There are 2 protein chains.
Amino acid sequence: MSPAVPPCSSQPEESPKRTAILGAGALLFMREGYDGTSMDAVAKEAGVSKATVYAHFTGKDSLFAAIVGERCAAIAAEAEAMAAQAASADDALREMGRVWMRFLLQPESLAIHRTVIAACTRFPDLATAFYEAGPERGRRWLAGHLAEEQRAGRLRGGVDPFLAADHMMGLLRGETYLRCILGGPTPDAAAIGAVVDRAVAAFLRAYGPPGA
Amino acid sequence: MSPAVPPCSSQPEESPKRTAILGAGALLFMREGYDGTSMDAVAKEAGVSKATVYAHFTGKDSLFAAIVGERCAAIAAEAEAMAAQAASADDALREMGRVWMRFLLQPESLAIHRTVIAACTRFPDLATAFYEAGPERGRRWLAGHLAEEQRAGRLRGGVDPFLAADHMMGLLRGETYLRCILGGPTPDAAAIGAVVDRAVAAFLRAYGPPGA
DNA sequence: GTCTATATACAGATAGAC
DNA sequence: GTCTATCTGTATATAGAC
C-alpha cells in the first residue's frame, strides 16, 4: 500500500532529539510517575520544545508506552548479561542470587516497578509486557538452570523446576523487596549478601539432594 | 492555652458527612490512585459540596493521609480476625496460608498496595506506617506462632522465627502476588489452595523437624 | 457547617511561521 | 522537524452568602 521505504536509511528511531526525549521521559516517568510527569517537563528536560515532542509521539500515553517498551528490552538484555555473569561462578546459586538481588533492588529497577504497578489499571498491556520481559523471563531462565542442576544430581529430582524457581525467587525477595518497593533504604552489598545466603540455605534444605 | 474542651461531646470524627467523605475518598483513591482522584469527584461521590470537603480536611494530601491511616487500622483489625480464624484450625500452617493469601489477593488489598507503592516517594511516612501495620505486623504475628511450633517440636529449633516467617511469606507470595499486583487475574480459591499447598510443603522441608 | 460561584494555575494538545 | 504562542479543559483551593 505505502511506497517502497528507503532501504535502511535514517529511521525515526535514530533521531538525536527523539533519543533525548526518550531519555528525559524515562528519567521523569520513573522519578515522578505517570501523572507526576508533564509534557512540559519532558520537553524542558530534553532541551526541545513541546511541539517537537508531539511531532515524535502522538501523545503522552504513546510516549509512556514507548519508554516502558524500551525498558522491557533493556531489562531482557540485562538479564542475559546477569545470566552469563552468574552461571559461570563456582558457588552458582549464591552468586546468582546476589547478582539478581542487586539488580532488583537498585533504584532504577524499583522505580520502573513502581511506575508500572501504579499504571497497570490504565495500561494493562504494558503491565503484561513488563511481567513477561522481567520476572517471567527470569523465572524461565532460572528454571532451565535448576533443571540442569537436577540432572547433575545437585538438586533433588521429581519436582517442577518452574515451581522451584518460583520458590527460590520468593525466598530471595521476601520482606526486603517489599520494604524497598515501599521506599525504604536500599540495603548495601553486605546486607544483600546475608539475605541471599539465608535464602539459598533454606532453598537447599527444601530442594537440595535428599541425602544432604 | 485553649479553653476547656467539652467532655467527650460531638467530635469531628463522628460527623456523618465526614464519614461519607472518607468513604468516597477511600473508594476513589484505591480505584483511581492519588493523581487520578480529584476533589470534585470525592465531593460528588460523597454527595456534598467541595467546600465541605475543605471544611473537614485542609487539602487533598490531608484527606489522603487520613484515609490511608484509617486503612492501616482496618488492616490491623483484619489481621487479628485472620489470626483467630487460622490459629484454631487443625492443619494450621496450610489454613493460615490460605486465609492470608485470600486476604492479600482480594482486589481491595491489591488496590491499597498499588496506591501506597505509587505514592511512597511523595508520602514516605504513610508508606512506613502502612508497612508497619500490614506486612511487618503480620510477620511478627507469624513469627510468634512459629516460635510456639518450634517449642512444641513441630518445627526444627535453632533458627530465627522471624527469618522463618519471612521465608514462609516469600514462598506464599511468589509469582502469584507479583502477577496480581501488576493487574493480572485474581486466582480463585482452588488455585490459591494449590499455591499454598506447594509453598507449605517446601517450607516444611526447609523448616520442619529434622527427622521428617 | 454547608452551599454556589469563582480565582488561579497548569495540564495536554495544536496552529502556524520558518 | 522545530519553534513560539495559544486554545481548551480541568485541577486545587477559596470567597462570601446562609
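On a predicted model such as this, the values are computed, not experimentally measured, just so you know. A, B, ... follow the sequence lines: proteins, then strands. Residue 1 opens every chain. Reckoned from all heavy atoms, side chains included, excluding hydrogens, waters and symmetry mates.
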Polar contact flag, side-chain donor to acceptor under 3.5 angstrom, B:Gln150-B:Tyr207: no
N/O to N/O distances under 3.5 Å, protein versus nucleotides 4-11 of chain D:
none

Side-chain (B:Ser109) to main-chain (B:Phe103) donor-acceptor, under 3.5 angstrom: yes
Whole angstrom value for the distance that separates C1' of C:dA11 from OH of A:Tyr54: 9 Å
A:Lys60 to A:Phe29, cation-pi by 6.0 Å centre distance and 45° axis angle: no
A:Thr37 and its side-chain contact (heavy atoms from CB on, under 4.5 Å) partner, picked from A:Glu32, A:Arg31, A:Met30: A:Glu32
Side chain of A:Val48 (C-beta onward), nearest among D:dT12, D:dC3, C:dT14: D:dC3
Inter-residue atom distance A:Lys50.NZ - A:Lys44.NZ, 0.5 Å rounding: 13.0 Å
Short side-chain N/O contact from B:Thr52 to OP1 or OP2 of C:dG1, under 4.0 Å: no
Nucleotide C:dA11, atom P - distance to CG of A:Leu28 in whole Å: 12 Å
B:Phe123 ring center near B:Tyr34 ring center (under 6.0 Å): yes
Integer-rounded Å distance: C:dA11 P and A:Phe29 CZ: 13 Å
Interatomic distance where NE2 belongs to A:His56 and C1' belongs to D:dC3 [whole Å]: 12 Å
Integer-rounded Å distance: C:dG1 P and B:Ile21 CD1: 11 Å
